[in-house]
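Input: a single structure, listed below in structure tokens.
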Protein chains: 4
Amino acid sequence: MGIIKEPKQERSIEKRNKILEAGYKLILEKGYYNTNTAEIAKAAGVSSGIVYRYFKDKKDILLQAMQAHFEDLMYNRIFVQFENLTSKEEIPALLPSILQYFVEMHNYGLKEINELTALALLDDDVQEFMEYFRNRTCTVIEETMIRLGYGEEHTKEKAFMIWQLANHLCDDSVLVRHLNLDFDFIFQHSLEQIMDILECKGLEHTF
Amino acid sequence: MGIIKEPKQERSIEKRNKILEAGYKLILEKGYYNTNTAEIAKAAGVSSGIVYRYFKDKKDILLQAMQAHFEDLMYNRIFVQFENLTSKEEIPALLPSILQYFVEMHNYGLKEINELTALALLDDDVQEFMEYFRNRTCTVIEETMIRLGYGEEHTKEKAFMIWQLANHLCDDSVLVRHLNLDFDFIFQHSLEQIMDILECKGLEHTF
Amino acid sequence: MGIIKEPKQERSIEKRNKILEAGYKLILEKGYYNTNTAEIAKAAGVSSGIVYRYFKDKKDILLQAMQAHFEDLMYNRIFVQFENLTSKEEIPALLPSILQYFVEMHNYGLKEINELTALALLDDDVQEFMEYFRNRTCTVIEETMIRLGYGEEHTKEKAFMIWQLANHLCDDSVLVRHLNLDFDFIFQHSLEQIMDILECKGLEHTF
Amino acid sequence: MGIIKEPKQERSIEKRNKILEAGYKLILEKGYYNTNTAEIAKAAGVSSGIVYRYFKDKKDILLQAMQAHFEDLMYNRIFVQFENLTSKEEIPALLPSILQYFVEMHNYGLKEINELTALALLDDDVQEFMEYFRNRTCTVIEETMIRLGYGEEHTKEKAFMIWQLANHLCDDSVLVRHLNLDFDFIFQHSLEQIMDILECKGLEHTF
DNA sequence: TATGAATGAGGATTCATTCAT
DNA sequence: GATGAATGAATCCTCATTCAT
């Protein structure tokens, strides 16, 4: 037993997706350790047994849900931002809104990413997945930089730094508001740092 | 009825500390949810029952261990660094080694901080403790800045940014090596960003 | 999240009843505090986990078993006795056998009621249930008295006294035999006391 | 080990009595199963270890406390009532106040007897002790009856019935008030029943 | 395929009792 | 004698996973 079915039929795919959505939603809302498979099955409108036909175990639900979620995130929301950039010169004008978009996306749709960050730190499988996601994103940033004519020196490091700066800003955005600090001031600094890495400091655009 | 003993006698303190150390070590190594109280007791060389004389519950072990750990960290390792600074002019010369010290301390003694970060994201009590720790540290940075003659404008934000930059650098240091990136390059950038916030860019010292 | 299943299917009902019976039996035999859930499950021939699908917790087993037991007791054994009475005049002829029936029922099927009485004294939920049972029984006695034409003066008190006399006689029946006393003598006295309350003393029937 | 010390020295006796009093008080207040030995020791102002020098185990505290308590109860409060009776003729005049005294004693000082009744039903040792107490009390009633000139026919049964009537009245007194019934009415009936057994009905005294 | 009943290992916590000091 | 720290068995309940239907 334990053979995982990769569903082909329409109804099966639909069922699998319902489990995925319900599982992801519940895990992000209530936490991985506070969500049990029976709840997920119930929320998905399926029986508890069927879960194990589509997923290896509880963690597999999370991993596959993350995959789907991040796949959507990367292709439909992040990469498209970079593809819009066609020349170095546009950066000062476009970067502020890109960065702002990231922060908003984080706050309004990915606030629950905390749970994932936590799980990534606690669980090797989740960590591996998050690394894979970060690597792909960094690679796209790197490729964009090369496409825009940046030299190849330390490009990997620069891509990494940019991506981490954006992420840390997102994480901090929650904290900063909690501490009643001036988020715009901090946002502006992160923006300048990225601009600095992209060698377009002094050119920045106020928005 | 579950009255927690605050041990005064030497042997009791010793036993309590053994539980604390064993608990902290195991939780950081194996994860909070993967460590059970029986293991902690065994590792500490005590019976399982005695744990509940010194600690309210399992989480209390973690919280008290964190308290001890961070108290030591703050007073003996972090704050002393700031106290050594007596004038703005010293910053370019001293900051690199301070930052490097942080990273090393993180890598050699606090690498497991990941687990704590994770728990802080998952558990409200741990989160509260971590916030308290961050607030105190940021306050000391802020006070140091004022003592060194920095204006009060956006000092809170600057202190927060400096501390987060240092922390994110520490976190990234693990990642960066894992990805075979040039850590020195990234370290240098973080250093410059902090210098920039402290208005001593251009003065930096190579080391 | 611990949702209790109200079983509809035959096999489920059967299993739930097995747990109920095994739990009731063991609790009455060995005492509530000396019976653990694992034993109950084992005696019922089920796994320990399934118990919590049908019952909220250990006490719920007891409470539900009592409910079933007393429901049967009241409707099928006690109330039917009162319904048979159609006029005051019948009482002297019928009361002796009714009372005797109670005592026998107690001795042969409800001797374990001691355990329940004890639990009722120790536990608020059990106490509440026992009160509910007593109230309903007293109410039926009261209604019967009114139906038979007794005045309404102190009817509630009289119903209570009759019921307590019957119960105390049942309890005493065990003790009395243990002490080698003449139970018939005591039985006769209790009977007379009830007759007295029902104003039919002097009319009594020897049996 | 495990040798129980029968203390002779004044300080030891005092310590033993403190444990006895504290244990009895706590057990009656909070229930046997909800009171632990550490609490008893603390309330008695002694160490938890010393308890086991004076008492075999936890139950032994209860049993010895009951012994002391009932010894006092019987000799100083109950038997003295019977000794005051010097002739049959006094009964109608004195019985009401004796009975009333019992009920009050129960309500004001022995209300907690519920806990003991419960334990007697649950535990064989406690049951045995309660039986011993009842037997002695019934014997004294019996002896009093003989002394007052009652014939010996069914005297044991009569003594038992009188004692149980008094006890049941005490127990019911709590219930009856809870149910908003007229206690005086019920009290009067119990009194009459006892009078009846003592062949002095019709002679009763209103009070 | 699908169901959901059933399994049973696992874990935090309590507490009567013992024992080193 | 006295202390109170230490022991460790015992127990209720949860839940990921399996399996009979």
Side-chain angles (χ1 to χ4, degrees), chain A residues 1-2 5 7 9 11-12 15 33-42 46-61, chain B residues 1-3 5 7 9 11-12 15-16 33-42 45-59 61, chain C residues 1-3 5 7 9 11-12 15-16 33-42 45-59 61, chain D residues 1-2 5 7 9 11-12 15 33-42 46-61:
Chain A
M1 298 312 172
K5 182 67 188 295
Q9 290 175 7
R11 266 198 25 203
S12 289
K15 196 161 283 193
Y33 291 103
N34 302 317
T35 305
N36 62 48
T37 52
E39 283 174 289
I40 293 173
K42 196 180 176 187
V46 300
S47 71
S48 62
I50 202 66
V51 168
Y52 288 82
R53 181 166 292 273
Y54 296 122
F55 302 94
K56 187 172 138 279
D57 53 22
K58 187 186 171 187
K59 195 157 67 184
D60 195 30
I61 302 173
Chain B
M1 281 221 313
I3 290 164
K5 182 67 188 295
Q9 291 172 7
R11 266 205 21 202
S12 288
K15 194 154 287 195
R16 184 179 166 282
Y33 291 103
N34 301 317
T35 305
N36 63 48
T37 52
E39 282 174 293
I40 293 174
K42 197 177 175 188
V46 300
S47 71
S48 62
I50 201 65
V51 168
Y52 291 85
R53 174 173 288 269
Y54 297 121
F55 302 95
K56 191 173 136 280
D57 54 21
K58 189 185 167 188
K59 193 157 70 183
I61 302 173
Chain C
M1 283 218 311
I3 290 164
K5 182 67 188 296
Q9 290 172 7
R11 266 206 21 203
S12 288
K15 194 153 287 194
R16 184 179 166 283
Y33 292 104
N34 302 317
T35 305
N36 63 47
T37 52
E39 282 175 293
I40 294 174
K42 197 177 174 187
V46 299
S47 71
S48 62
I50 201 65
V51 168
Y52 291 86
R53 174 174 287 270
Y54 297 121
F55 303 95
K56 189 173 138 281
D57 53 22
K58 188 185 168 189
K59 193 156 69 181
I61 301 173
Chain D
M1 298 310 172
K5 181 67 189 293
Q9 291 174 7
R11 266 200 23 204
S12 289
K15 197 162 283 194
Y33 291 104
N34 302 317
T35 305
N36 63 48
T37 52
E39 283 174 290
I40 293 173
K42 195 180 175 186
V46 300
S47 71
S48 62
I50 202 66
V51 169
Y52 288 84
R53 181 166 291 274
Y54 296 123
F55 302 95
K56 187 173 138 280
D57 53 23
K58 187 186 170 187
K59 195 157 66 184
D60 194 31
I61 302 173

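Chain letters run A, B, ... following the sequence lines, proteins first, then strands; residues in each count from 1.
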Got a minute to check which stems DNA chain E is part of, using Watson-Crick or G-U wobble pairs under 3.5 Å, three or more consecutive? E:2-21 with F:2-21
Can you tell me how far apart [atom1] ([X]) and [atom2] ([Y]) are? Round to the nearest 0.5 Å.
X       : Y       : atom1 : atom2 : answer
C:Tyr33 : C:Lys58 : OH    : NZ    : 8.0 Å
B:Lys15 : B:Arg53 : NZ    : CZ    : 11.0 Å
D:Phe55 : D:Ile40 : CZ    : CD1   : 9.0 Å
C:Arg16 : C:Ile61 : CZ    : CD1   : 10.5 Å

Does D:Ser48 have any side-chain contact (heavy atoms from CB on, under 4.5 Å) partners at least two apart in sequence or in another chain, and if so, which? D:Ala41
Grab the [atom1]-[atom2] distance between [X] and [N] for me, whole Å please.
X       : N      : atom1 : atom2 : value
B:Lys56 : E:dT13 : NZ    : C1'   : 12 Å
B:Lys42 : E:dG11 : NZ    : P     : 13 Å
C:Ile61 : F:dC13 : CD1   : C1'   : 11 Å
C:Phe55 : E:dA5  : CZ    : P     : 14 Å
D:Asn36 : F:dG4  : CG    : P     : 16 Å

Can you tell me if B:Lys59 has over 12 outside heavy atoms packed within less than 6.0 Å of its NZ?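 Yes.
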Which atom names give the shortest non-hydrogen contact between D:Tyr54 and D:Asp60, and what distance separates them?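 Nearest pair, atom of D:Tyr54 first, then D:Asp60: O-OD2, 4.4 Å.
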By nearest-heavy-atom nucleotide on DNA chain E, the more 5' of B:Asp57 and C:Gly49 is C:Gly49
Does [X] place a side-chain N or O at less than 4.0 Å from the phosphate oxygens OP1/OP2 of [N]?
X       : N      : value
C:Tyr33 : F:dT11 : no
D:Ser47 : F:dT3  : yes
D:Tyr52 : E:dT17 : yes
B:Arg16 : F:dA5  : no

Considering every strand and a 4.0 Å limit on heavy-atom distances, what is the contact class for A:Lys15: base, sugar-phosphate, or nothing? sugar-phosphate
Scan C:Arg53 against the nucleic acid and name what it touches under 4.0 Å (heavy atoms): base, sugar-phosphate only, or nothing.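 Base contact.
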Among [options], the one nearest [X] by side-chain distance:
X       : options               : value
B:Lys58 : E:dA16, F:dG1, E:dA12 : E:dA12
A:Ser48 : E:dA5, F:dT11, E:dA12 : E:dA5
A:Tyr54 : E:dA2, F:dC13, F:dA2  : E:dA2

Let me spell it out: for each of B:Val51 and C:Ile50, pick the nucleotide of DNA chain F with the closest heavy atom. Which residue's pick is nearer the 5' end?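 On the 5' side of the pair lies B:Val51.
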